[in-house]
Amino acid sequence: MALAFKTINGNVVHYELIGEAKAKNLIVFSNGLGTDFRIWLPLFDELGEDVSVLLYDSRGHGLSGGADKPFGMDDLVSDLATLCDELEIKKATFCGLSVGGLICQGLWKARPDLFRKLVLCDTAPRIGTADIWAQRIEGIRANGLESAADNAMQRWFTPAFHEDRADELAGYKLMMTRQSTAGYLSTCEALRDTDFSDVLPTITVPTMLIVGDQDGSTPPELVEAAASLIPGARFEVIEDCAHIPSVEQPEALAELLQGFMRK
């Protein structure tokens, strides 16, 4: 997989387009806080050959730039919209995990013309409270990103993953701690300041919400409540899974995605 970069809104964005921008079965993935687009790679052996994919690292994460100055949710949404325009993507299924799900909700509000379908994965219109984000931001500023990593791993992965897949757990912990601290904190502030509860009832494309049954960041009841706000939305729970099903249960997630895209 060759590295691909574009300057979007004044910052370098790392992305990978696999397949055709005009493909009917194009799915655009948006990653979660503290991760980069590699969290979606376990899906690739499970998706059909007729599925095209756009992956990208959100601002301040992975190999994308923009961490050197503060940014908010509007910036994250604009980055994705502009990247799609640059790549001449007219319609796609968008799948966002955690903060990536909020980015996709914001994109619907700003650019509904881009959507064929929408998948909101382990996310909600509002995640956490102002107090929770204030505590996390203060702790990381005082003690570094590593100080938040163990708690994050507890939310991201089930006890079984911790016990049986220790090498992968260590790798994903490294993924988090090697993110830009400034980019992570700006994304935390974007999460703190975002509530798209008024956006969900306006969604008119087919929408599916997915959550791991042991998600410690966005529990099933929170995601189900979000699904209830979207007319006709489908709600699915993946068993034996926490916050990142593309890593912990890629076969189950891919099966849901493929069935939903082809329906």
Side-chain angles (χ1 to χ4, degrees), residues 16-32 37 39-56 80-81 83-84 87-98 100-125 196 199-213 215 218 220-263:
E16 185 68 30
L17 177 61
I18 302 166
E20 300 296 327
K22 297 180 180 179
K24 180 180 179 182
N25 290 329
L26 172 64
I27 184 164
V28 178
F29 289 105
S30 187
N31 55 285
F37 75 45
I39 64 167
W40 303 108
L41 297 184
L43 288 175
F44 280 24
D45 289 339
E46 312 300 330
L47 294 174
E49 293 183 359
D50 63 331
V51 176
S52 294
V53 169
L54 173 62
L55 307 170
Y56 79 107
L80 180 53
L83 178 62
C84 288
L87 296 174
E88 299 184 353
I89 290 171
K90 305 299 184 184
K91 291 281 185 184
T93 296
F94 288 84
C95 177
L97 173 81
S98 195
L102 284 162
I103 293 169
C104 290
Q105 292 169 58
L107 185 66
W108 167 262
K109 181 179 180 180
R111 292 287 305 278
D113 59 291
L114 289 171
F115 284 76
R116 181 169 277 115
K117 297 183 178 182
L118 172 61
V119 179
L120 298 174
C121 192
D122 297 81
T123 191
F196 284 137
V199 173
L200 296 191
T202 73
I203 295 173
T204 56
V205 293
T207 301
M208 178 169 61
L209 289 88
I210 302 170
V211 66
D213 65 343
D215 190 331
T218 53
E221 57 270 21
L222 180 67
V223 181
E224 186 173 20
S228 72
L229 297 175
I230 303 172
R234 176 178 165 187
F235 174 66
E236 297 286 348
V237 178
I238 296 179
E239 295 184 358
D240 303 316
C241 186
H243 191 56
I244 310 184
S246 58
V247 171
E248 195 156 15
Q249 297 291 352
E251 299 92 345
L253 179 58
E255 183 177 357
L256 287 171
L257 289 174
Q258 294 195 121
F260 180 66
M261 282 194 299
R262 294 188 169 96
K263 186 173 180 181

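Note that the coordinates shown come from a computational prediction; the quantities given were computed from them, not determined experimentally.
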Expected output: side-chain Ser246 to main-chain Ile39 donor-acceptor under 3.5 Å: yes

Backbone of Cys241 reached by a side-chain donor or acceptor of Asp213 within 3.5 Å: yes

Rounded distance (nearest 0.5 Å) linking atom SG of Cys95 with atom CE of Met261: 9.0 Å

Option among Thr218, Leu120, Ile244, Ile103 that satisfies the side-chain contact (heavy atoms from CB on, under 4.5 Å) test with Leu97: Ile244

Residue pair Trp108, Leu200: steps toward the side-chain contact (heavy atoms from CB on, under 4.5 Å) verdict: CA-CA 9 Å; Trp108 167 262; Leu200 296 191; over 6 Å; no

Pairwise distance CG(Leu17) to OG(Ser52) - rounded to 0.5 angstrom: 7.0 Å

Test item: Glu248 side-chain N/O and Ala242 main-chain N/O as donor-acceptor pair under 3.5 Å: yes

Close side-chain approach of Leu102 and Thr123, heavy atoms under 4.5 Å: yes

Side-chain touch Val199/Pro125, heavy atoms, less than 4.5 angstrom: no

For the student: nearest non-hydrogen atoms of Glu46 and Pro42, plus distance: CG-O, 4.0 Å

Residue pair Glu236 / Met208: nearest heavy atoms and the distance that separates them: CG-SD, 4.1 Å

Min side-chain heavy-atom separation Leu114-Val28 under 4.5 Å: no

Nearest non-hydrogen partners of Ser228 and Ala225, listed with the distance: OG-O, 2.5 Å

Sidechain-backbone polar pair: Gln258 side chain, Gly48 backbone, donor-acceptor under 3.5 Å: yes

Greater than 12 external heavy atoms within 6.0 Å of Glu20's CD: no

Phe29 vs Val119 side-chain heavy atoms within contact, under 4.5 Å: no

Validation row: Leu43, Leu257 side chains within 4.5 angstrom (heavy atoms): yes

Lys91, NZ atom: more than 12 neighbouring heavy atoms under 6.0 Å: yes

Greater than 12 external heavy atoms within 6.0 Å of Glu221's CD: yes

Test item: Ile210 and Phe260 side chains (from C-beta on) under 4.5 Å apart, heavy atoms: no

For the student: nearest non-hydrogen atoms of Ser98 and His243, plus distance: OG-NE2, 3.1 Å

Interatomic spacing from NZ in Lys109 to SG in Cys104 - rounded to 0.5 Å: 15.5 Å

Nearest heavy atoms of Arg116 and Lys24, plus distance in Å: NH1-O, 3.2 Å

Side-chain heavy atoms of Trp40 within contact of Val53, under 4.5 Å: no

Distance in Å, Lys263 NZ paired with Arg234 CZ, rounded so as to fall on 0.5 Å steps: 6.0 Å

pair Asn25-Glu49: side-chain heavy atoms closer than 4.5 Å: no

Cys84 SG to Leu107 CG distance, which is reported to the nearest 0.5 Å: 6.5 Å

Aromatic ring pairing Phe94/Phe115, orientation class (parallel under 30°, perpendicular over 60°, tilted between): tilted

Backbone N/O of Asp240 and side chain of Gln249: donor-acceptor pair under 3.5 Å: yes

Distance, nearest 0.5 Å, that separates CG of Leu83 from CD1 of Ile89: 6.5 Å

side-chain contact (heavy atoms from CB on, under 4.5 Å) between Leu209 and Ile230, intermediate numbers included: CA-CA 10 Å; Leu209 289 88; Ile230 303 172; 3.9 Å; yes

Leu256 vs Ile238, side-chain contact (heavy atoms from CB on, under 4.5 Å): CA-CA, chis, key distance, verdict: CA-CA 10 Å; Leu256 287 171; Ile238 296 179; 4.0 Å; yes

Residue pair Glu16, Leu41: steps toward the side-chain contact (heavy atoms from CB on, under 4.5 Å) verdict: CA-CA 11 Å; Glu16 185 68 30; Leu41 297 184; over 6 Å; no

